[in-house]
Amino acid sequence: MRPLPSSAALPLVVLGGAASAAQGVVNAELGERAGNPVLGAVVNNLGGSLLVVLGLFAVPSMRAGLAVLRRSGLPWWSYLGGLGGAAIVVIGTYVVPVLGVAVFTIAQVAGGSVGGLAVDRAGLAPVGRLPFTVPGWPGRCSASAR
């Protein structure tokens, strides 16, 4: 699959970010009206799961990728990535009504950045262990030099 051109990728991410902000509000409201914040997260994740299942039926490359994944020999923990997404959805249903969408988003990005630094340093990403660097500083590698 060819990557998107950056002229399409950036607006797509901005649109996804706006949808993510709306998602937090909708999930929190659903959970509040149902009397249990987790129900908002359950409905959210069921909807996402349904979309993925429909994609498996409609997109041949997804089915082919699933077959390759089965034969990949990845460690068991590499399949746990969805738990992080589910956790942030559940957490959002509790904290968006308290903090608001903007502070929730800022905290989520901050946590993701700190977690990303730890993952890079521990060498858990496919590129292996990466040192803490400041791109463009003398004696340091930059993102384009990797």
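Because the structure is a prediction, the values reported are computed rather than measured.
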Cluster overlap [X] with [Y], hydrophobic side-chain contacts below 4.5 Å:
{"X": "Val25", "Y": "Val103", "value": "yes"}
{"X": "Leu66", "Y": "Val59", "value": "yes"}
{"X": "Val90", "Y": "Val95", "value": "yes"}
{"X": "Leu83", "Y": "Val38", "value": "no"}

Could you list all the side-chain hydrogen bond (donor to acceptor under 3.5 Å, both in side chains) pairs where at least one residue sits in residues 15-24, not counting sequence neighbours?
Gln23-Asn44

Name all pairs fulfilling the side-chain hydrogen bond (donor to acceptor under 3.5 Å, both in side chains) condition that reach into residues 85-107, sequence neighbours left out, sorted by first residue then second.
none

Sorted by first residue and then second, give each salt bridge (charged side-chain N to carboxylate O under 4.0 Å, His left out) pair with at least one member in residues 60-87; sequence neighbours left out.
none

Please find the pair of heavy atoms, one from [X] and one from [Y], that lie closest to each other, and give the distance.
{"X": "Gly24", "Y": "Val96", "value": "O-CG1, 3.9 Å"}
{"X": "Gly92", "Y": "Pro97", "value": "O-CD, 4.0 Å"}
{"X": "Pro11", "Y": "Ala8", "value": "CD-O, 3.4 Å"}

Measuring from atom CG of Asn27 to atom CD1 of Ile91, what distance do you get when rounded to the nearest 0.5 angstrom?
13.0 Å

Could you measure the distance from the CG atom of Leu10 to the CG atom of Leu15? Nearest 0.5 Å is fine.
11.5 Å

ILVMFWY clustering at 4.5 Å (side-chain atoms), partners of [X]:
{"X": "Leu54", "value": "Leu50"}
{"X": "Val68", "value": "none"}
{"X": "Leu12", "value": "Leu4"}
{"X": "Val43", "value": "Leu30"}

side-chain contact (heavy atoms from CB on, under 4.5 Å) against [X], all qualifying residues, sequence neighbours excluded:
{"X": "Leu74", "value": "Leu69, Ser72, Ser78, Tyr79"}
{"X": "Gln108", "value": "Ile88, Phe104"}
{"X": "Arg121", "value": "Arg129, Pro131, Phe132"}
{"X": "Phe57", "value": "Val53"}

Side chain to side chain donor-acceptor pair (under 3.5 Å) partners of Arg33, counting only residues at least two apart
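Partners of Arg33 under the side chain to side chain donor-acceptor pair (under 3.5 Å) test: Glu29.
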
